[in-house]
Amino acid sequence: MSKLSTKAGDRIACLLDAQSFVEIGGFITARSTDFNLAEKETPADGVITGYGTIDGNLVYVYSQDASVLGGSMGEMHAKKISALYAMAMKMGAPVIGLVDCAGLRLQEGTDALEAFGGLYKDQTEASGVIPQITAVFGVCGGGMAVVPALTDFTFMEKENAKLFVNAPNALDGNTASKCDTASASYQSGSIGSVDAVGTEEEILQEIRTLVSVLPANNEDDMSYDECADDLNRVCDGLEGCAADTGLALSLISDDHFFFETKRDYAKEMVTGFIRLNGTTVGAVANRAEILDEEGNVAETFGGVLTSAGCRKAAGFVKFCDAFNIPVLTLTNVKGYKANIHQERKIAQAVAEMTYAFASATVPKVNVIVGTAFGSAYVAMNSKSIGADLVFAWPDASIGMMDAKSAARIIYADEIEKAENGAAFLAEKAKEYGELQSSVLSAARRGYVDNIIEAKDTRKYVIGAFEMLFTKREEGPAKKHGTV
């Protein structure tokens, strides 16, 4: 391996299968001679590039070394990564970037800038063709921050990693001590640009796990695995997880496997990967609360759609559709979060999520596990926007709004005149519920394909995706949509 700091090489060694890494371009150095660069050592121009395997699956990796010219990216540094992308595209295998870079090398000026722009283009062309994963271990600033944003999944080391376009101290009225916008906690929890944070060892293991469930590319699916779990396994107590759907997803998955993405961001919307009969399935679910290990409520979210949650779901569904990964949704939503901040962007965000679900041509299954009210329900992969199969638990409610609120609006005058308004309201609410918001009324109209017991959810969704395995669907001829 190149004569770089052991840290850059050690990260690759920890990530890949033992003895599997083969370096490419190890003898490349900077070619610029301006500012006496020819006199300075630039081994491998500050980045190790090559290929290896994760659980036997081919991957391409680059690992940056912050000790070479202050961790700057020069022309040949960027071109090495671009060459790696070119090879990965030919072979149809993921690219994993281990980032520790202070930014562009000022001494190389437009040469570095041109090569860096080429990397942007390569990432753009690879998007939707091969999975791209980035892990930030040190500094990732300025234009380099766009690199992880162009990839599909991003991880950050929780203590020392910094991710920013403008450093915290460069923002008017802000300092790192006041609000460290470059920190892993801010990027993962407040912005949602990071899928998970952890120690260096934890991140590398997370990447190995993620690669094991992803297709190698958009055509050849290597993400299947043998399923040792019972396909008809009964999930007792699953009805108690209608609010904490993250827990529900782990219970129905093979061997309780669940890889959650953007786990610290917009927690009211769950996204991640599960396995059903050995097949990777993308999961999207509304979440009203999080239960701790003792079963107590740790966090609550109100069971509503938010702009952040909708955009989180939209991006995830687009990834699944690009890589032919089936999508499962667990729906439990009352409506939209209502405040002035949400009103600025909620309509556009819901439109993006609706568009993602409606335009996705992969197999789509929806399970209504609780409340499904109004257009918020429609946007959550309902049959009306293209779900192939919709199941519902017996106690689910489906309609415009809860029966009591609907009756209060419809019979406002009668309630006011009634001798016992409360009793009259209760009677009319029950009547409305039976006619319009019960799961049975939705099933009778064909909006729900089957009413299933919660404990049988696993076997029903496995059967649904088995049936949908050969699904073929073509949309209208167009270059692309604009939502």
Side-chain angles (χ1 to χ4, degrees), residues 209 213 223-261 263 267-299 301 303 313 316 320 325-333 363-372 377 380-381 387-398 439-440 442-443 448-469:
T209 301
V213 299
S223 62
Y224 295 101
D225 196 9
E226 292 293 327
C227 177
D229 201 349
D230 183 358
L231 303 186
N232 296 311
R233 172 166 56 81
V234 174
C235 302
D236 288 320
L238 192 64
E239 64 277 3
C241 302
D244 189 351
T245 46
L247 181 57
L249 289 169
S250 68
L251 290 176
I252 67 174
S253 179
D254 295 350
D255 301 312
H256 306 303
F257 172 85
F258 178 43
F259 188 95
E260 187 174 358
T261 60
R263 58 195 67 164
K267 295 180 183 180
E268 68 280 355
M269 185 72 77
V270 183
T271 58
F273 299 105
I274 62 174
R275 281 197 185 275
L276 294 173
N277 192 16
T279 301
T280 296
V281 173
V284 179
N286 307 115
R287 178 162 52 191
E289 61 188 32
I290 294 178
L291 304 178
D292 61 23
E293 294 180 358
E294 286 73 39
N296 300 314
V297 177
E299 295 182 69
F301 309 105
F316 183 78
C320 291
I325 299 172
V327 173
L328 169 69
T329 48
L330 302 184
T331 299
N332 186 7
V333 64
K364 296 175 287 188
V365 175
N366 187 9
V367 182
I368 301 171
V369 301
T371 299
Y377 154 61
M380 277 297 299
N381 191 32
D388 298 299
L389 282 174
V390 176
F391 301 114
W393 291 356
D395 293 333
S397 298
I398 306 168
V439 64
L440 185 59
V448 170
D449 294 297
N450 203 353
I451 302 172
I452 63 174
E453 294 296 327
K455 65 182 180 180
D456 295 327
T457 301
R458 171 175 163 81
K459 72 177 183 181
Y460 273 99
V461 294
I462 287 176
F465 283 122
E466 288 289 318
M467 180 273 291
L468 292 166
F469 182 75

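Owing to the predicted nature of the structure, the values given are computational and were not obtained by experimental measurement.
Closest non-hydrogen pair, Thr280 versus Ile325, comes out as O-CG2, 3.7 Å. Here the shortest heavy-atom pairing between Ala464 and Val365 reads CB-CG2, 3.9 Å. Thr331 approaches Ala372 most closely through the heavy-atom pair CG2-CB, 4.2 Å. The minimum heavy-atom distance between Ala454 and Leu238, with the atom names listed, is O-CD2, 3.2 Å. Taking each heavy atom of Ile451 and Ala443 in turn, the nearest pair found is CD1-CB, 4.1 Å. Smallest separation of non-hydrogen atoms from Leu276 and Ile252: CD2-O, 3.5 Å.
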Show the numbers, then the answer: is there a side chain to side chain contact (heavy atoms under 4.5 Å, CB included) between Ile368 and Tyr377? CA-CA 9 Å; Ile368 301 171; Tyr377 154 61; 3.8 Å; yes
Using side chain to side chain contact (heavy atoms under 4.5 Å, CB included), reason through Val213 and Phe257 one step at a time and then give a plain yes or no. CA-CA 10 Å; Val213 299; Phe257 172 85; 3.6 Å; yes
Using the rule given for side chain to side chain contact (heavy atoms under 4.5 Å, CB included), can you reason through Trp393 versus Val367, listing the C-alpha separation, both sets of side-chain angles and the distance that settles it, and then say yes or no? CA-CA 8 Å; Trp393 291 356; Val367 182; 3.7 Å; yes
Side chain to side chain contact (heavy atoms under 4.5 Å, CB included) assessment of Phe301 paired with Ile290: CA-CA 9 Å; Phe301 309 105; Ile290 294 178; 3.6 Å; yes
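Between the side chain of Asn277 and the backbone N or O of Ile462 there is no donor-acceptor pair closer than 3.5 Å. Side-chain atoms of Asp449 come within 3.5 Å of backbone atoms of Val390 as a donor-acceptor pair (strictly under, hydrogens ignored). A donor-acceptor pair under 3.5 Å is formed between the side chain of Asn332 and the backbone N or O of Thr371.
The list of side chain to side chain donor-acceptor pair (under 3.5 Å) pairs with a residue in residues 228-254, not counting sequence neighbours, reads Asp229-Arg233, Asp254-Arg458. Residues in residues 290-299 take part in these side chain to side chain donor-acceptor pair (under 3.5 Å) pairs, two or more places apart or across chains: Lys267-Glu299.
Side-chain contact between Thr457 and Phe391 is absent, with no heavy atoms from C-beta onward closer than 4.5 Å. At a threshold of 4.5 Å between non-hydrogen side-chain atoms, the residues Leu291 and Val297 count as touching. Leu330 is listed as a side-chain neighbour of Leu249, based on a closest heavy-atom distance under 4.5 Å. The shortest side-chain heavy-atom distance between Leu251 and Cys241 falls under the 4.5 Å cut-off. Contact annotation: the side chain of Met269 approaches that of Asn286 to within less than 4.5 Å [non-hydrogen atoms, C-beta and beyond]. For the pair Asn450 and Tyr460, the minimum side-chain heavy-atom distance is below 4.5 Å.
With values rounded to the nearest 0.5 angstrom, Lys459 atom NZ is found 10.5 Å from Cys235 atom SG. Between atom CG of residue Asp255 and atom CZ of residue Arg275 there is a gap of 10.0 Å, rounded to the nearest 0.5 Å. With rounding to the nearest 0.5 angstrom, the CG atom of Leu389 is 11.5 Å from the CG atom of Leu328.
Applying the side chain to side chain contact (heavy atoms under 4.5 Å, CB included) rule to Thr261 yields the partners Phe153, Asp195, Phe259, Thr271, Phe273, Phe316; only residues at least two apart in sequence or on another chain are considered.
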